[in-house]
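All chains are named by letter (A, B, ...) in the order of the sequence lines, taking the proteins before the strands, and each is independently numbered beginning at 1. Quick note: numbers below take in every heavy atom, side chains included, and nothing from hydrogens, waters or symmetry partners.
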Protein chains: 2
Amino acid sequence: MSGKRSAILDLGEMLIRTRGYHAFSYHDISGPLAIRNAAVHYHFPTKADLGAAIIDRNMAQFGELTASWSHYPAGEQFRLFTQIYLASRQQGWVCLMGALSPAWDTLPGPMQAKLRQMGEEILDWLTGCRDKGKAAGVFGFGEPTRQKAQLVW
Amino acid sequence: MSGKRSAILDLGEMLIRTRGYHAFSYHDISGPLAIRNAAVHYHFPTKADLGAAIIDRNMAQFGELTASWSHYPAGEQFRLFTQIYLASRQQGWVCLMGALSPAWDTLPGPMQAKLRQMGEEILDWLTGCRDKGKAAGVFGFGEPTRQKAQLVW
DNA sequence: AAATCTACTTACTTATCAGTAAGTAAGCAA
DNA sequence: TTGCTTACTTACTGATAAGTAAGTAGATTT
């Protein structure tokens with residue numbers, strides 16, 4: 001029942017999405033949580049472990065959310081999807097993909113793999129979302145892309 | 001005269017756009033250019049100075065380019081604009097805005113100011129580009145945004 | 001010819017980073 | 001009650017970061 005572990009994941013995700021992977025350190029986590037640096041290393045031995053765990057949790061959350069929407073019409077599902085990004089954007093956050101991919105070349109291997117996986121999962125869902133809707137012409141593929149743009153621009 | 005200065009700017013821009021501001025150091029510049037660390041500090045006393053100079057040069061280049069396009073029709077101007085981003089994207093590069101804005105909160109003040117300025121200049125030009133075209137309905141405002149998306153996604 | 005400027009160099013400082021080794025208090029399990 | 005696990009702690013290491021002080025060879029100016 002480590003409440004600290006999830007608190008580290010929470011803070012870590014916030015830091016990545018507001019500052020970027022290379023612009024935060026374990027100190028930025030241990031300070032606010034009032035624990036020592038090594039305690040963060042206890043839960044996540046390396047920074048890459050932490051980064052990968054954050055992506056994992058994000059993917060799991062995405063899976064749960066979309067599963068809970070499964071009985072809604074495709075258009076509504078898509079609206080809910082974009083709503084999430086718009087809402088976090090208003091907080092000054094950027095999605096994980098938007099925060100991490102610009103520095104792709106500098107990411108540790110395991111994180112690259114997880115990120116790629118997450119990208120595929122989202123794209124698959126988005127594709128399925130479009131295919132399912134009978135009104136396939138109503139929302140073109142331009143819109144999700146446009147949505148993602150706003151997360152960075 | 002100082003060919004090194006512009007070589008530093010070239011390499012610095014490449015590093016920012018492929019790795020991000022926080023994922024490169026003066027060592028990554030001095031090494032390939034076969035000069036010492038302090039030589040980079042000679043030209044750009046702080047990393048923020050280097051970053052700001054890179055944004056400055058980018059803005060100047062944008063101004064020169066768009067000026068050289070001024071006699072083309074709006075649609076062609078817009079095509080040339082997107083072409084630049086698509087071409088660099090194929091090299092694995094990201095535009096300066098796309099590379100820097102995710103870590104906005106962590107950027108030194110002077111760089112934030114320059115970046116904001118660059119964003120405004122590009123948006124102004126884009127707006128002018130749209131207004132000038134008689135076929136204002138042909139390309140909506142969705143497309144430039146979509147273009148930017150590809151730079152990150 | 002002397003002084004100054006440009007474009008560096010060597011050698012250093014200070015700070016911060018990720019990561020590790022070793023120890024410990026509290027809880028549970030046999 | 002002994003031993004094992006969990007969730008930390010203190011105290012450190014080695015690497016790398018940005019930045020600086022002082023010196024210098026070569027070109028330019030006076």
Original post:
Expressed in angstrom and rounded to an integer, what is the separation of His22(A) atom NE2 from dT16(D) atom P?
Top reply: 15 Å

Original post:
With distance as the sole criterion, is a donor-acceptor pair present between the side chains of Thr46(B) and Asp49(B) under 3.5 Å?
Top reply: yes

Original post:
So does Asp10(B) pair up with Arg57(B), basic N to acidic O under 4.0 Å?
Top reply: yes

**OP:** Give the rounded distance in Å between these two atoms: CD1 of Ile35(B) and P of dT9(C).
**Re:** 6 Å

Original post:
Going 5' to 3' along nucleotides 17-24 of chain D, which nucleotides have protein heavy atoms under 4.0 Å from the base (write B), which only from the sugar-phosphate (write S), and which from neither (write -)?
Top reply: SSBB----

Original post:
Under 3.5 Å, is there a donor-acceptor pair between the side chain of Tyr21(B) and the main chain of Gly51(B)?
Top reply: no

Original post:
Can you tell me how far P of dA7(C) sits from OH of Tyr42(B), to the nearest Å?
Top reply: 4 Å

Original post:
With a 4.0 Å cut-off, would you call Glu13(A) and Arg17(A) a salt bridge?
Top reply: yes

Original post:
Is there a donor-acceptor pair closer than 3.5 Å between any side-chain N or O of Gln77(B) and the backbone N or O of Thr66(B)?
Top reply: no

**OP:** Please state whether the rings of Phe81(B) and Phe62(B) are parallel, tilted or perpendicular, taking 30° and 60° as the class boundaries.
**Re:** perpendicular

Original post:
Looking at Arg36(A), does any N or O in its side chain come under 4.0 Å of the phosphate oxygens OP1/OP2 on dC8(D)?
Top reply: no

